[in-house]
Amino acid sequence: MVGCIGDNGDEVPVDNETPVDVPVDENISEDGDVPVDENGDIIEPQTYIIRLGRLDRYTAIPNNLEVNRGDTVLWRNEMKERKLIFPIISEDGLWEEQRIAPGMQFNYTFTESGTYDFTVPPWNAMNHTVIVK
């Protein structure tokens, strides 16, 4: 019979307790919060930069980025010649539209696995994807 510990430290029997199988995500640490690699070692969070308008071109570099849960992505407006404000829209609703002025940045920490698409209207060449493992 399985029990629990009472207030005085004695084990208290619990009737009809049935163990429950809980699926284990191999990429989550035992505490459930921190991503781990195939050896069970904690993957330290990283910061990645997506450069918008680098070299005064209407591009996002990189336009596809793969990160781990817990990593932060920083979007930076690098336009120097043309002083344009870039709107960043999360097609998956992670945030409301962010407007990034030249020399400014916006960051977001990804906590859920998935594929996330971002647009920078009207510059289709600046649209990009972040894949979170």
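Numbers for residues simply follow the sequence, beginning at 1. Quick note: numbers below take in every heavy atom, side chains included, and nothing from hydrogens, waters or symmetry partners.
- Looking only at side-chain heavy atoms (C-beta outward), I88 and I100 come within less than 4.5 Å of each other.
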Could you go through the ring pair (Phe, Tyr, Trp, His ring centres under 6.0 Å) check for Y108 and W75 one step at a time? CA-CA 9 Å; Y108 183 82; W75 285 264; 7.3 Å; no
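- The CD atom of Q105 sits 12.5 Å away from the CD atom of Q98 when rounded to the nearest 0.5 Å.
- A side-chain donor from one of S113 and R69 sits under 3.5 Å from a side-chain acceptor of the other.
- By the criterion of side-chain heavy atoms lying less than 4.5 angstrom apart, applied directly or through intervening Ile, Leu, Val, Met, Phe, Trp or Tyr residues, M104 is not grouped with I89; the two fall into different hydrophobic clusters.
- Minimum interatomic distance between P87 and W123 (heavy atoms only, all atoms of both residues): CD-CZ3, 4.2 Å.
- Between R76 and I49 there is a side-chain heavy-atom pair separated by less than 4.5 Å.
- T47 and T72 share no donor-acceptor pair across their side chains, judged by distance under 3.5 Å alone.
- What you find for I50 and A60 is that their closest heavy atoms are CG2-CB, 4.1 Å.
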Might you work through the side chain to side chain contact (heavy atoms under 4.5 Å, CB included) test for V130 and Y48, ending with a clear yes or no? CA-CA 11 Å; V130 175; Y48 297 87; over 6 Å; no
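- Annotation for L52 and M126: closest pair CB-CE, 3.5 Å, computed over non-hydrogen atoms.
- Note that the CG atom of L94 and the OG1 atom of T111 stand 8.5 Å from one another [nearest 0.5 Å].
- When the salt bridge (charged side-chain N to carboxylate O under 4.0 Å, His left out) test is applied to E97, the partners found at least two apart in sequence or on another chain are R99.
- Between D117 and D92, the shortest heavy-atom distance links the atoms N-OD2, 2.9 Å.
- Judged by distance alone, with hydrogens and angles left aside, the side-chain atoms of N63 form no donor-acceptor pair with the main-chain N or O of A125 at under 3.5 Å.
- Within the 4.5 Å cutoff, the side chain of F106 has no heavy atoms near those of the L74 side chain.
- The aromatic rings of F118 and H128 sit parallel to each other, their planes meeting at less than 30°, with 60° as the upper class boundary.
- With D71 contributing its side chain and Q46 its backbone, the two residues share a donor-acceptor pair below 3.5 Å.
- Here the side chains of F110 and V132 are in contact, with some heavy-atom distance below 4.5 Å.
- Checked options V67, T115, N64; the residue passing with I131 is T115 (criterion: side-chain contact (heavy atoms from CB on, under 4.5 Å)).
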Stepwise side chain to side chain contact (heavy atoms under 4.5 Å, CB included) test for V73 and L65: CA-CA 9 Å; V73 175; L65 180 63; 3.9 Å; yes
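- Here the closest heavy-atom approach between residue G70 and residue P45 is recorded as O-CB, 3.4 Å.
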